[in-house]
> 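Quick one: this structure, given as C-alpha cells, is what I'll be asking you about.
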Amino acid sequence: MTFLLTKLAWLAEKVSQLTSFLAALVLLWLVGLTCVDVVGRYFFRAPVVGAVELVQLSMAGIIFLSLPLMFFKNDHVIVDLIRFKTDNWLSWLITLLLTLVMIFAIFILADRVWAYALRAYEDGDQTIYLHIPRYLTVGLITSSIYLSGAFLCLRAVQMILRPGKYQEAAQLDK
C-alpha cells in the first residue's frame, strides 16, 4: 500500500508541475497579448479585437491551472484561530476532518461546474465577440477542480495511514 501511495504521490507531483507549467505559459501569453494590445491601441490606433475576452479566458486559465499545485503542496491560505501543537492527536484529527470537509466541498463545486459546462455545450454558448465556445474554458476549469479534489483524497488517505502524525500528513511527500 505504501508503494502505491508513493507512486501516486510521484504522479500527482508530475501532474501538478505540468498544470503549473501550463499556467505559466498562459501567463506568458497574457503578457504578450497585453503588450501587443497596448502598442496597437496607443501607437497604431488598432487594438486587438476581443482582447477583453482573451484576457478573461486567460485569467481563468491561470487561476484554475494553478489550483492543483496549490492543493498538492498544501499551500492554502491558513488562518490559525486556535493554535495546536503539531505533534498532538487533536490537531491530526481536526486536520483530517477539515480535509474531508474540503473533499466534500470541492467535489460538490466540481459537479456544479461540470453541469454548467454541459449546459454551455448543449446550448452552444459562446463568447460575445470572438465566438469562442464557453464549454472549452469551463471544461478546463472543471478538470482542474476534479484534479485538485483527487489530490485532496490522496492527502486524506496518507493522513489516515499515519494516524497522529500531523506534520508528516500535511505534505504529500515520500
Side-chain angles (χ1 to χ4, degrees), residues 1-34 37 48-79 95-161 169-174:
M1 184 72 158
T2 306
F3 176 74
L4 178 64
L5 282 177
T6 303
K7 288 297 179 187
L8 283 175
W10 177 83
L11 180 64
E13 181 180 6
K14 296 302 177 192
V15 170
S16 67
Q17 288 174 352
L18 175 67
T19 59
S20 66
F21 177 73
L22 292 174
L25 286 179
V26 173
L27 181 61
L28 182 64
W29 149 258
L30 185 59
V31 167
L33 172 67
T34 304
D37 187 42
V48 175
V49 176
V52 172
E53 285 180 1
L54 292 173
V55 166
Q56 289 173 347
L57 296 175
S58 298
M59 290 301 294
I62 292 168
I63 291 166
F64 287 99
L65 284 171
S66 299
L67 272 183
L69 183 65
M70 180 192 71
F71 278 99
F72 177 75
K73 296 286 187 182
N74 200 22
D75 282 342
H76 307 89
V77 174
I78 298 172
V79 178
T95 304
L96 179 62
L97 289 175
L98 289 175
T99 302
L100 294 175
V101 168
M102 284 176 29
I103 289 170
F104 181 72
I106 203 163
F107 280 114
I108 287 176
L109 177 67
D111 285 341
R112 299 272 168 95
V113 176
W114 174 250
Y116 175 68
L118 285 177
R119 193 170 59 244
Y121 176 74
E122 291 168 354
D123 295 344
D125 194 12
Q126 299 176 339
T127 60
I128 296 171
Y129 298 111
L130 298 177
H131 304 291
I132 299 170
R134 285 201 195 275
Y135 73 88
L136 296 173
T137 306
V138 179
L140 174 75
I141 290 169
T142 303
S143 62
S144 178
I145 295 172
Y146 274 122
L147 191 59
S148 301
F151 290 166
L152 273 176
C153 289
L154 181 60
R155 180 177 313 287
V157 169
Q158 285 185 335
M159 288 178 69
I160 289 169
L161 292 178
Q171 299 176 1
L172 278 176
D173 52 14
K174 287 119 191 136

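Quick caveat: nothing in here was measured; it's all calculated off a predicted structure. Just so you know, residue 1 is the first one in the sequence shown, and it goes up from there. Note: hydrogens, waters and symmetry copies are ignored here, and every other heavy atom, side chains too, is used.
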> Applying side-chain hydrogen bond (donor to acceptor under 3.5 Å, both in side chains), which residue pairs with at least one partner in residues 48-65 are found, sequence neighbours left out?
Trp29-Ser58, Glu53-Thr127

> Any heavy-atom pair between the side chains of Thr99 and Thr95 that's under 4.5 Å?
yes

> CD1/Ile106 to SG/Cys153 distance, rounded to the nearest 0.5 angstrom?
9.5 Å

> Around atom CD1 of Ile128, are there more than 12 heavy atoms from other residues, nucleotides or ligands closer than 6.0 Å?
no

> Leu100: which residues meet the side chain to side chain contact (heavy atoms under 4.5 Å, CB included) condition with it, sequence neighbours left out?
Leu96, Ile103, Ala156

> Is there a side-chain contact between Met70 and Leu67 (heavy atoms, below 4.5 Å)?
yes

> Mind checking the CG-CG spacing from Asp123 to Leu118? Nearest 0.5 Å is all I need.
10.5 Å

> Closest approach of Ala9 and Gln158, non-hydrogen atoms and distance?
CB-NE2, 4.1 Å

> So, taking the atom named CG in Leu18 and the one named CG in Leu65, what distance separates them when rounded to the nearest 0.5 Å?
9.0 Å

> Just one of Leu22, Leu30, Leu25 clears the side chain to side chain contact (heavy atoms under 4.5 Å, CB included) bar with Ile62, so which one?
Leu30

> State the NZ-OG1 distance between Lys7 and Thr2, to the nearest 0.5 angstrom.
13.5 Å

> Judged by atom type as modelled, is there a donor-acceptor pair below 3.5 Å linking the side chain of Arg155 to the main-chain atoms of Phe71?
yes

> Measure the shortest side-chain to side-chain distance between Tyr116 and Arg134 over non-hydrogen atoms and say whether it is less than 4.5 angstrom.
yes

> Under 3.5 Å, sequence neighbours excluded: what are the donor-acceptor pairs made by side chains of residues 136-152?
| from | atom 1 | to | atom 2 | distance (Å) |
| --- | --- | --- | --- | --- |
| Thr142 | OG1 | Val138 | O | 2.8 |
| Ser143 | OG | Gly139 | O | 3.3 |
| Ser143 | OG | Leu140 | O | 2.9 |
| Ser144 | OG | Phe64 | O | 2.1 |
| Tyr146 | OH | Asp111 | OD1 | 2.4 |
| Ser148 | OG | Ser144 | O | 2.9 |

